[in-house]
Amino acid sequence: MSSELIKECAKRRQILRDKMLPNSIAIVPAANLVTRSNDTEFPFRQDSDFHYLSGFPEPDGYLVISNSSLMGDVFSALFCLPKDELAEIWQGRRIGVDAAPADYEVDIAHPIDDIEVGLVSYINGHENLYFARGHHGPSDVLIDEVLSKLRNAPKQSQIAPNCEFDIRTLLHEMRLFKSDFELSIMAQAADISADAHIAAMQLSEVGKNEFHLEATIHHHFAMHGAKSPAYSTIVGSGDNACILHYTENNCELEDNKLVLIDAGAELQGYAADITRTFPVNGHFTEPQKALYQLVLDAQLASFELFKPGSTFKAASDKAIEVLTTGLLDLGLLSGELQDNIEQQHYRQFFMHGLGHWLGLDVHDVGNYKIDGADREFAPGMVLTVEPGLYVSASAEVDPKWKGIGIRIEDNIVITDDGHKVLTGKVPKTIAEIENLMAK
Ligand code: GLY
Ligand code: MN
Ligand code: MN
């Protein structure tokens, strides 16, 4: 674990302490292992909030953060799996309670078996509890049990918090704004992912399978330091591209079809999220060109609205205007531009949002509205811009458009005077893609 991450986590815990009301305690659970099939588990992925505040990589832990002196010198405590020779032979090494405080800069660590008694003692006397109710079922049960013990203790010997606040309100606002440390990791994740897309474009040919392109992408991620994808990779050729979260990735790549790849690496917990769409054989057909250029025009037009003070709504309105105008020109929609926009006719072909926050979660946390109003972009926010058009085989349109699904997705960071594109190195104009694939 990098010392830079540990310092960063300590800083985040201090910011959280300062944001909480006086005399408050926060409880944050780690993720658990999830069974995949008998005696085997899904690869472990740490809970994003827990990772953000602790950097601690093991399952089944709890982080406790206080801003009161009620706990003596303890302002951060970790409950974690204890060292256990037999368990470590079977399941893997553990950091353990002796090493955790120094390694992760927490004041103290306890074995996870002491969690209930430990939380009763730590929470006792705090005025406010910050916790994410509904996020992790076992923790809800545990916290209820602990609060009940505190409330029912004899003769007011123990005091339960008067108020419980949702920790996500504070924490997710913090996570929305990326530090320089986070931005540098996200730039690397974007770079690795961009090169993986280039490798997949270069590998594509008629007769290969979607899973060959998926394998190339994942191989590239791993060979460049990103062990896992940030989400299930989508490789959809032909009509499969019209299934937004298609992950079967098991069809043969056919001549004169497009293939849509939505794939991003996870690096040190942070996601990239790139989509490119290109012809299996390296040459766009005329209908494919027309729709592809329209999606690209929509993306480029919307880019102008990714700057401080602007909003997703403003950028999205711009993309929708460009897409609807183009769909009318191509005969996929008919009637007046404004009517089509107001009645959202474009949604037959563009049925998802223009983008989302990006960070530790691919659909990252952070409010999109504040007091009911669209949230303004501000420096340090990282997000995706991903217009698309999907004309499925069952759409009632001229057959030449059928089975064409296109999305172009880039990752950007909002800067003081606009934005910076993190994923620009993957070709996306028609000429750039055809040139790369001709090589
Ligand atoms: N890969 C999921 C998304 O683009 O939102
Ligand atoms: Mn995506
Ligand atoms: Mn996305």
Side-chain angles (χ1 to χ4, degrees), residues 45 48 175-176 178 186-187 189-201 210-211 213-214 216-218 220-221 226 228-237 240-249 258-267 269-278 292 295-296 298-300 302-303 305-306 311-313 315-316 319-320 323 347 349-366 368 375 377 381-390 405-414 419-428:
R45 204 288 182 163
S48 296
R175 279 180 52 191
L176 178 57
K178 274 64 180 178
M186 292 191 77
D191 213 47
I192 293 168
S193 306
D195 283 332
H197 277 262
I198 292 172
M201 279 184 196
E210 292 167 351
F211 57 63
L213 302 190
E214 180 184 26
T216 290
I217 295 252
H218 292 180
H220 187 93
F221 288 172
S228 310
Y231 53 91
S232 297
T233 293
I234 297 168
V235 182
S237 60
N240 296 337
C242 299
I243 302 168
L244 299 179
H245 288 170
Y246 174 78
T247 50
E248 289 167 46
N249 300 354
L258 293 179
V259 56
L260 178 157
I261 300 185
D262 185 342
E266 182 172 280
L267 188 70
Y270 290 86
D273 182 10
I274 303 178
T275 307
R276 286 293 184 270
T277 310
F278 55 89
Y292 186 91
V295 176
L296 184 56
Q299 196 207 37
L300 297 177
S302 75
F303 270 163
L305 289 149
F306 286 97
T311 62
F312 261 123
K313 167 88 168 64
S316 184
I320 286 166
L323 289 173
R347 287 189 70 83
F349 306 114
F350 175 45
M351 59 292 276
H352 57 75
L354 183 64
H356 51 83
W357 310 130
L358 184 69
L360 285 171
D361 294 313
V362 63
H363 287 183
D364 207 28
V365 295
Y368 289 86
R375 173 171 210 145
F377 296 136
M381 292 173 166
V382 181
L383 48 95
T384 69
V385 188
E386 49 180 305
L389 284 176
Y390 312 90
I406 296 161
R407 177 161 66 255
I408 304 172
E409 177 173 27
D410 283 294
N411 304 162
I412 68 173
V413 52
I414 303 292
H419 66 262
K420 186 173 157 205
V421 181
L422 301 175
T423 49
K425 74 195 280 193
V426 204
K428 67 178 171 183

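We count ligands from 1, going down the list as the structure has it; atoms in each ligand are counted the same way. The figures that follow rest on heavy atoms only: side chains count, while hydrogens, waters and symmetry mates do not.
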Which residue supplies the protein heavy atom nearest to atom 3 (C) of ligand 1, what is that atom called, and how far is it?
D273 OD2, 3.3 Å
Does T423 use its side chain to pair, donor to acceptor, with the backbone of A194 at less than 3.5 Å?
no
Tell me the angle that OD2 of D262 and OE1 of E409 form around the Mn ion (ligand 2), rounded to 10°.
110°
Atom NE2 of H220 and atom CD1 of I198: how far apart are they, to the nearest 0.5 Å?
8.0 Å
The N/O/S atom of D273 lying closest to the Mn ion (ligand 2) is OD1
Flag for E386-H356: side-chain donor and acceptor within less than 3.5 Å
yes
Using a 4.0 Å heavy-atom cut-off, which part of H356 comes near ligand 1: side chain, backbone, both, or neither?
side chain
Looking at every heavy atom in both E266 and A226, which two are closest together, and how far apart are they?
O-CB, 3.5 Å
Under a 4.0 angstrom heavy-atom cut-off, which atoms of ligand 1 come close to D262?
1 (N), 2 (C), 3 (C), 4 (O)
Numbered atoms of ligand 1 (with element) below 4.0 Å of Y231, judged on heavy atoms:
1 (N)
What atoms of ligand 1 come closer than 4.0 angstrom to any heavy atom of H363?
2 (C), 3 (C), 5 (O)
With a 4.0 Å cut-off on N to O distance, would you call R276 and D262 a salt bridge?
no
Do any N/O atoms on E409 end up under 3.5 angstrom from N/O atoms on ligand 1?
yes
Closest non-hydrogen atom pair between I217 and I261, with its separation
CD1-CG2, 3.8 Å
Quick check on contacts: which atoms of ligand 1 are under 4.0 angstrom from a heavy atom of E386?
3 (C), 4 (O), 5 (O)
Vertex the Mn ion (ligand 3), rays to NE2 in H356 and OE2 in E386 - rounded to 10°:
80°
Is the closest heavy-atom distance from V362 to ligand 1 below 4.0 Å?
no
Please report the shortest heavy-atom distance between E210 and N240, naming the atom on each side.
OE2-ND2, 2.9 Å
Mind listing the closest non-hydrogen atom pair of S302 and A315 along with its distance?
CB-O, 3.5 Å
R407, any N or O under 3.5 Å of ligand 1 N or O:
no
